[in-house]
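Okay, structure first, notes after.
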Amino acid sequence: MEAGLPDRLHRTPSTAPAGIVHLGLGAFFRAHGAIYVAEAMARSGGDWGIIGVSLQSPGTRDRLAPQGWAYTALELGPEGETPQVVTVLRDVLVAPENPQAVLDAMAAPAVRIVSLTVTEKGYCHEPSTGRLNADHPDIRHDLDHPLPKSAPGFLVRALAQRRAAGVAPFTVLCCDNLPENGRVVRGVVLDLARLIDPDLADWIAAHGAFPATMVDRIVPATTPADLDRLEALTGQRDEAPVMHEPFRQWVVEDRFVGGDRPDLGAVGVQMVTDVTPFEHMKLRMLNGTHSALAYLGYLAGHQTIADTVADPAFADLLTRLWQEEIIPALTPPPGVDLGAYADALAARFANPAIRHRTWQIAMDGSQKLPQRILGTIAEGRAAGRAVPGLTLAVAAWMRYASGRDEAGGPIDVRDPLAPTLAGLWDEDAARTVQGFLALEQVFPQVLRADAGFVRDLSRTLHMLVERGARDTVAAL
């Protein structure tokens, strides 16, 4: 090491076999699931080390390799920061470089779980229906080639290898924010398997397991300033740390192939028979309001969620969304007070140490809104409840997706439908709404056919354009 420079974080990697392959090794899983798995092994043993897989680029692999796959998870509390070195990774593979190596890792008998955080769009499904989009370019590729590109393609081809070798299927553990995520991923995998080999689909259906999960921890994007601050705190240079809030929650349906899993319950994971009430609570109360604040906050000039809720108008909107529009549509999980849960969320959102950018949360809105917001709107309207705040959130997404902010400046819209969405924008709010509502992969039929919703959304979008985001929020 050159004189005067800090040592690079490094740990000698374990040679124990991996029990888990994780597709989509981003910051969230490294700040959440990987830590739980490491703690479960420390508490109860087992060979549950993780092979991470990047489905796109080598960046994460290249930053972690010189560190022996170790990294720091930095807890950002309101009163200080606490670092923890995580050493549960055994290797990191880059799928585009060697897809067969990824399939071989997934097919290894020692691997009993394949987990995923590939974001909603990574499942190549129609968000409004949950079914496989067979016309997705990656799915079309995977139907014609034995070496896949998509996450569903890797799952199906790896399960095919295991079946051919006489090895039991792995458990597929989805850790993304999809309602009934286990059921959705099972359906996508079976749809693709049937198109490739119907007998394989029957084998997966009979012997596989796709437990539902609910995950919760706010994990802001890591910045260069974070790297420098962590170096000053620890005296070591880490090029691949993750930042996270103190709170964490993981609810898992206890259904695994052969019952084989880490002892997650010993380290605080809630192992349950029905995840649905937990996921609805989290998707609608946390993720739904996160998206609402992201679009409206961004348009109003707020860079982070903490900045947004520090604005009294947005703090009032947040309270109204929970109390009047979201909580009335929920069945609380056993033993959970939804009002107290909302209070805890408000404190988490306001944590000044968490700089969770509105632009980051605003990504992939076409994939996120159906489960985070549109379902609540549909249920509220069916029950005769007014949902003006959530309707405003949808209007704000349309305004944001136009690609131009309130001052006419460009917005870097990251969404698989970004070009289509920008082309739907019209100076007339009613025409814009009609164009967006024609997106069947986003809006359910019940809302597209609801004349009252179409009218309310058009009026709200017109007001948003005329008055701006903050004045509209305040007027609401």
Side-chain angles (χ1 to χ4, degrees), residues 9 20 22 24-42 50 52 59-60 63-64 67 69-89 92 115-119 175-177 213-234 236-252 264 267-270 278 282-283 285-287 289-290 293-294 303-309 341 344-361 363:
L9 173 69
I20 299 172
H22 183 81
L25 190 67
F28 181 82
F29 181 76
R30 292 196 291 124
H32 184 267
I35 296 176
Y36 274 115
V37 171
E39 291 175 356
M41 283 199 296
I50 300 168
T60 298
R63 289 189 294 273
L64 284 166
Q67 302 179 178
W69 314 119
Y71 63 92
T72 307
L74 185 64
E75 180 180 294
L76 306 176
E79 299 177 357
E81 300 178 338
T82 305
Q84 171 189 3
V85 176
V86 183
T87 59
V88 72
L89 293 179
V92 179
S115 52
L116 304 91
T117 46
V118 296
T119 75
C175 301
D176 279 302
N177 287 317
T213 70
M214 185 274 271
V215 297
D216 190 1
R217 172 166 264 182
I218 295 174
V219 179
T222 301
T223 68
D226 293 328
L227 271 61
D228 294 339
R229 193 174 72 257
L230 179 61
E231 180 184 314
L233 180 65
T234 65
Q236 289 186 309
R237 185 69 178 182
D238 184 347
E239 294 291 342
V242 291
M243 312 288 123
H244 62 80
E245 66 170 332
F247 179 89
R248 66 176 185 174
Q249 186 178 20
W250 198 3
V251 184
V252 178
L264 297 171
V267 293
V269 177
Q270 294 167 267
F278 292 93
K282 189 259 181 174
L283 276 168
M285 291 188 68
L286 189 156
N287 299 115
T289 54
H290 244 182
L293 293 172
Q303 292 191 0
T304 70
I305 292 297
D307 294 340
T308 305
V309 298
Y341 182 70
L345 286 179
R348 292 168 63 193
F349 288 1
N351 181 353
I354 298 292
R355 295 196 58 77
H356 207 178
R357 296 175 64 196
T358 50
W359 176 81
Q360 179 189 2
I361 299 165
M363 292 180 183

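Worth saying up front: this structure is predicted, and the values here are computed from it rather than measured.
Side-chain atoms of D226 and L74, non-hydrogen and from C-beta on, never get closer than 4.5 Å to each other. Contact of the M243 side chain with the P241 side chain is registered, since non-hydrogen atoms from C-beta on lie closer than 4.5 Å. Side-chain contact check for M363 versus T119: every heavy-atom pair is 4.5 Å or farther apart. In this structure the side chain of R30 never reaches within 4.5 angstrom of the side chain of V86, judged on heavy atoms. With a 4.5 Å cut-off on side-chain heavy atoms, K282 and V251 do not count as touching. Contact annotation: the side chain of R355 approaches that of D307 to within less than 4.5 Å [non-hydrogen atoms, C-beta and beyond]. D238 is not listed as a side-chain neighbour of E231, based on a closest heavy-atom distance of 4.5 Å or more. Looking only at side-chain heavy atoms (C-beta outward), I218 and F247 stay at 4.5 Å or farther from each other.
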Could you go through E75 and E81, starting from their C-alpha distance and side-chain angles, then the distance that decides it, and tell me whether this counts as side chain to side chain contact (heavy atoms under 4.5 Å, CB included)? CA-CA 5 Å; E75 180 180 294; E81 300 178 338; over 6 Å; no

Going through the checks in order, is the side chain to side chain contact (heavy atoms under 4.5 Å, CB included) test met by T72 and Q236? CA-CA 10 Å; T72 307; Q236 289 186 309; over 6 Å; no

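Considering CG of L230 and CZ of R237, their distance stands at 8.5 Å, rounded to 0.5 Å. Rounding to the nearest 0.5 Å gives a distance of 9.5 Å between CH2 of W69 and CG of L25. The distance from atom CD1 of I305 to atom CD1 of I354, rounded to the nearest 0.5 Å, is 12.0 Å. Distance check, rounded to the nearest 0.5 Å: CD of Q84 to OH of Y71 gives 8.5 Å. Remark: T87 OG1 to I50 CD1 distance equals 10.5 Å, nearest 0.5 Å. One distance of note links CD of E239 with CG of L64; it measures 10.5 Å at 0.5 Å rounding.
Among all heavy-atom pairs drawn from I20 and S115, the shortest one is CG2-OG, 3.7 Å. Scanning all heavy atoms of the two residues, the minimum distance from A353 to G77 falls at CB-O, 3.7 Å. Residues A70 and V85 share a closest heavy-atom pair of CB-CG1, 4.3 Å. G268 and Y36 get closest at one heavy-atom pair: C-CE2, 4.4 Å. Here the shortest heavy-atom pairing between A40 and V267 reads N-CG1, 3.8 Å. The shortest non-hydrogen separation linking W250 to G33 is CZ3-CA, 3.9 Å.
Enclosure of atom CD in Q303 is not indicated, since only 12 or fewer non-hydrogen atoms of other residues, nucleotides or ligands lie within 6.0 angstrom. Within 6.0 Å of CZ in R248 there are more than 12 heavy atoms belonging to other residues, nucleotides or ligands.
Using cut-offs of 30° and 60° on the angle between ring planes, the pair F28 and H32 is parallel.
No donor-acceptor distance shorter than 3.5 angstrom exists from the side chain of Q249 to the backbone of D216, with no hydrogens or angles considered. Put simply, the side chain of D176 gets close to the backbone of V118: a donor and an acceptor are under 3.5 Å apart. Under the 3.5 Å distance criterion, the side-chain polar atoms of T117 are matched with a main-chain donor or acceptor of G24.
In this structure, H356 has its ring center no closer than 6.0 Å to that of F349.
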